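In the text below, chain A, chain B and the rest are named by the order of the sequence lines, each starting its count at 1. Keep in mind that this is a model prediction, so the values were computed, not measured.
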Protein chains: 2
Amino acid sequence: MTATYRDVKADILEKITLGIWPPGSTIPKEIELAEIYDCARATVNRAMRELAEDGIVERKRKAGTKVRMAPVRQARFEIPIVRKEIEDKGTEYRYALVRKERQQAPDWLRARLRLNDGGAVLHLICMHYADGAPYQYEDRWINLDLLPNAAEIDFADTGPNEWLVATIPFSNAEISLLATMADAELAEHLGCSKGDALFQAERSTWWDGKAITFVRLTFRKGHRMTTRY
Amino acid sequence: MTATYRDVKADILEKITLGIWPPGSTIPKEIELAEIYDCARATVNRAMRELAEDGIVERKRKAGTKVRMAPVRQARFEIPIVRKEIEDKGTEYRYALVRKERQQAPDWLRARLRLNDGGAVLHLICMHYADGAPYQYEDRWINLDLLPNAAEIDFADTGPNEWLVATIPFSNAEISLLATMADAELAEHLGCSKGDALFQAERSTWWDGKAITFVRLTFRKGHRMTTRY
DNA sequence: TTTTCCATTATGTCTATATTTATAGATTGA
DNA sequence: TCAATCTATAAATATAGACATAATGGAAAA
């Protein structure tokens, strides 16, 4: 009989969507809601906290809880490992190392990774295929000052991404999504025409404030990143 | 002295990042952690629940909590209202209605919005400018069967998005991000060349299972969507 | 009048305990 | 041997009560 936090959350959400509590209005305080739904304040609190996390309401101590004027629409995109992404679609995954080269970090990379001291980096070009067709072109740079043993790894069989996630369990990252025009190299590897519009993701990764890796992932022509919310 | 759920979360996360609890390993059960940190089980529970929400650990009843082999990296992108996005950058926002037309829903739109009965739609083309320069081209379709009063609105001064969020407080949506080549129309409005690679977002929106609107947003050349996690 | 300070108050968090629920693993039966 | 069923267990959720924290609005002081 007594309401669960899900019930409370659902009911409040319904009141908001139906316009009973319009944007900008103040929702009754937790104690009152606890009485209304005949549950503990902690239960109401959890429901309200989740609604706040979802960007539907805004909470402030003393001020109370208000329905957001414009709900902060935030889409969550999962960034899976390519192999998993391909295999989850039921297609066969294949990986190939195109190029591997040890070199000094170019200026643009130093800026991107906020590196002060110019260091050695490992530059890798890899391809990922789904059912034999090109799926993703990976242009990766690994900071050898931080991960010197990366130079010893032979990335012929498994991609650098898989090695990295196994080596550095968790890290901070910055992702950018953008559109780019295919140059000759991309066109050749991804099997499209030069000048085609391609979807690209760039990711810079740090661990404990130190730059680990920068990667530019270019997807095959027509790729979409989709999510629901 | 006793640990807060933040302390517990931070400490567990540190143990994971330092490799003390490597991917795949099982974390001590909640009761044990509560003893270790000298706090209540609910405090540990909140810390662990958040770690699970963040995709760092995986929890299962009876089986315990395990460190994920590959942390599910999920990036959250906020989808703000264009006006807010532009104004938050400190640039001046300007809006213009390019075209407004009532028509029958074309087949591709019916498929996209999962409409059974062919209905009337309002087709709008709008432009959003930042400091006078083209910023975003909006190609919007509004379901007039569900929102008949949309036909009466004069979208000359404010964009349809702002009217929609004010009219429908909350809704479900599906977003796709992709790259596209500029056609003549896009090139002209966005001030770029035909064939340029442009970043595009498509959003379909439903309320209570009924399609409200479909919008295709094309950003100016070079636009990036960026987030940290 | 303006600024500083404080009481009030709503949310944030924690504790200790209880109940519910899912499930891994053991047991049982065909 | 294999599937159905049971059982012990760990997480999931709920609760009452308490204290912590931050922000508001007004009172007091300059």
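- When the side-chain nitrogen and oxygen atoms of Thr65(A) are compared with OP1 and OP2 of dT11(C), one or more of them lie within a distance under 4.0 Å.
- Under the side chain to side chain donor-acceptor pair (under 3.5 Å) criterion, Lys60(B) pairs with no residue, sequence neighbours left out.
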Please produce a list of atom pairs where a protein N or O lies less than 3.5 Å from an N or O of nucleotides 19-25 of chain D.
unit_1	atom_1	unit_2	atom_2	d
dT21(D)	O2	Arg61(A)	NE	3.1

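- Nearest to the side chain of Glu30(B), among dA11(D), dT13(D), dT11(C), sits dA11(D).
- Phosphate proximity of dT13(D) to Thr43(A): absent, as no side-chain N or O sits under 4.0 Å from OP1 or OP2.
- Atoms CG (Leu51(A)) and P (dG12(C)) sit 12 Å apart, rounded to a whole Å.
- Lys9(B) is linked by a salt bridge (charged side-chain N to carboxylate O under 4.0 Å, His left out) to Glu50(B), Asp54(B), counting only residues two or more places apart in sequence or in another chain.
- In terms of position along DNA chain C, the nucleotide closest to Gly64(A) lies nearer the 5' end than the nucleotide closest to the other residue of the pair Ala42(A) and Gly64(A).
- For the pair Glu30(B) and Arg59(B), the salt-bridge criterion is met [side-chain N within less than 4.0 Å of a carboxylate O].
- In this structure, Tyr37(B) atom OH and dC14(C) atom C1' are separated by 17 Å, rounded to whole Å.
- One interatomic measurement links the two molecules: CG of Leu33(B) to P of dA16(C), which rounds to 16 Å at whole-angstrom precision.
- For the pair Lys29(A) NZ and dT8(C) C1', the interatomic distance rounds to 11 Å; values are reported in whole Å.
- Going from atom CG of Asp38(A) over to atom P of dA14(D) covers 13 Å, rounded to whole Å.
- Checked against the 6.0 Å centroid threshold, Phe214(A) and Trp108(A) count as a close aromatic pair.
- Counting only residues at least two apart or on different chains, the side-chain hydrogen bond (donor to acceptor under 3.5 Å, both in side chains) pairs with a member in residues 126-139 of chain A are Glu85(A)-Tyr135(A), Lys89(A)-Tyr135(A), Tyr93(A)-His128(A), His123(A)-Asp139(A), His128(A)-Glu138(A), Tyr137(A)-Glu185(A), Glu138(A)-Arg140(A), Asp139(A)-Trp141(A).
- The phosphate of dT13(D) (OP1 or OP2) has a side-chain N or O of Arg46(A) nearer than 4.0 angstrom.
- Regarding contacts with the backbone of dT13(C), every side-chain N or O of Asn45(A) stays at 4.0 angstrom or more from both OP1 and OP2.
- The CZ-P distance, from Arg6(A) to dT20(C), rounds to 17 Å in whole Å.
- Computed from coordinates, the Glu50(B) CD to dA11(D) P distance equals 17 Å when rounded to whole Å.
- Atom CZ in Arg59(B) sits about 15 Å away from atom P in dA24(C), given to the nearest Å.
- Annotation: salt bridge (charged side-chain N to carboxylate O under 4.0 Å, His left out) contacts of Arg83(B) (sequence neighbours excluded): Glu87(B), Glu162(B).
- Here side-chain hydrogen bond (donor to acceptor under 3.5 Å, both in side chains) pairs that include residues 150-159 of chain B, with residues two or more places apart or in two chains, number zero.
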